[in-house]
Amino acid sequence: MSHGARVIRTGVSSSGPPPATAASSSAGSDVELVDGGYFRSCAGMLKVAQMISLLIAFISVNSSSWTDYSAYSFFQIVTMCDLVMILFFYIMHIFRVYRKLTCVSWPLAEFLHYLIGTILLLIGSIVAAARSYNITGLVAGATFGFLATILCIISMWSSYKVSCITQSTSEYC
């Protein structure tokens with residue numbers, strides 16, 4: 001049984017590269033190595049604020065005398081892992097790596113990172129606050145841990161809006 005010929009349309013012409021339009025040639029988005037607009041964007045500044053608050057939380061706890069080794073070592077591991085992952089996504093956005101590696105759903109990966117990281121950071125901050133015993137460095141570390149948790153929730157919400165709501169309202173999904 002023959003079902004007939006089907007035409008599959010792609011965005012690429014077989015005759016050569018597509019002609020450059022005035023909007024794409026003036027933007028120069030593929031020519032530039034660094035995305036300068038991401039530095040000044042809300043998401044970029046939010047990531048910098050998260051990294052600074054996580055670093056302050058780590059340094060505050062690391063320079064204090066500990067009362068409970070397991071609680072604060074967990075807090076330090078969570079803050080450093082979150083800091084490294086946020087730095088990874090920040091560099092990925094600045095150098096536009098997500099355009100080169102299209103096999104990964106980057107908004108979904110970032111959303112899952114924020115979901116898991118925020119839950120672990122919240123648990124670590126609660127435990128650190130409960131075991132601080134009014135030692136100023138430990139209280140400051142827990143406070144900056146809670147601040148980083150709030151900033152991660154904001155990033156998680158904006159990441160959710162980009163990955164889930166935008167995809168569900170598009171006409172192709």
Rounded to the nearest 0.5 Å, what separation is found between the [atom1] atom of [X] and the [atom2] atom of [Y]?
X      : Y      : atom1 : atom2 : result
Cys81  : Ile116 : SG    : CD1   : 12.0 Å
Ser64  : Ile135 : OG    : CD1   : 7.0 Å
Ile154 : Thr149 : CD1   : OG1   : 11.0 Å
Phe95  : Leu33  : CZ    : CG    : 5.5 Å
Phe39  : Ile94  : CZ    : CD1   : 4.0 Å
Asp35  : Arg40  : CG    : CZ    : 8.5 Å

Do you reckon [X] sits in the same ILVMFWY cluster as [Y], going by side-chain contacts under 4.5 Å, direct or chained?
X      : Y      : answer
Val104 : Tyr90  : yes
Ile123 : Met85  : yes
Leu121 : Ile119 : yes
Met45  : Val48  : no

*Applying side-chain contact (heavy atoms from CB on, under 4.5 Å), run through Tyr69 and Phe74 and close with a yes or a no.*
CA-CA 9 Å; Tyr69 180 77; Phe74 174 75; over 6 Å; no
_One pair to check against side-chain contact (heavy atoms from CB on, under 4.5 Å): Tyr72 and Val127. What are the steps and the verdict?_
CA-CA 8 Å; Tyr72 291 108; Val127 170; over 6 Å; no
*asked:* Below 30° counts as parallel, above 60° as perpendicular, anything between as tilted: where do the rings of Tyr38 and His93 land?
replied: parallel
*Trp106 vs Phe89 aromatic rings, parallel, tilted or perpendicular, using cut-offs 30° and 60°?*
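Aromatic pair Trp106/Phe89 classed perpendicular.
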Kindly indicate whether the side chain of [X], heavy atoms from C-beta on, has any atom under 4.5 Å from the side chain of [Y].
X      : Y      : result
Ile86  : Cys152 : yes
Arg96  : Val34  : no
Leu115 : Met156 : yes
Trp157 : Phe111 : no
Thr79  : Leu83  : no
Thr118 : Ile153 : yes

*Which pair of heavy atoms, one from Ala129 and one from Ser132, lies closest together, and at what distance?*
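For Ala129 and Ser132, the tightest heavy-atom pair comes out as O-OG, 3.1 Å.
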*For the student: nearest non-hydrogen atoms of Ala142 and Ser125, plus distance*: CB-O, 4.0 Å
*Tell me, which pairs form a salt bridge (Lys or Arg N to Asp or Glu O under 4.0 Å) where one or both residues lie in residues 105-121, sequence neighbours left out?*
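Of all non-adjacent pairs touching residues 105-121, those that pass salt bridge (Lys or Arg N to Asp or Glu O under 4.0 Å) are Lys47-Glu110.
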_Co-members of the apolar cluster containing Ile126 [side chain, <4.5 Å]_ = Leu122, Phe146
Residues 50-62, side-chain donor-acceptor partners within the protein, below 3.5 Å, at least two apart:
from, atom 1, to, atom 2, distance (Å)
Gln50, OE1, Tyr114, OH, 3.0
Gln50, NE2, Leu151, O, 3.0
Gln50, NE2, Ser155, OG, 2.5
Ser53, OG, Ala49, O, 3.1
Ser53, OG, Gln50, O, 3.0
Ser60, OG, Ile56, O, 2.8
Asn62, OD1, Gln76, NE2, 3.1

*How far apart are the C-alpha atoms of Leu108 and Leu112, what are their side-chain angles, what is the distance that settles it, and do they pass the side-chain contact (heavy atoms from CB on, under 4.5 Å) test?*
CA-CA 6 Å; Leu108 182 62; Leu112 290 175; 4.3 Å; yes
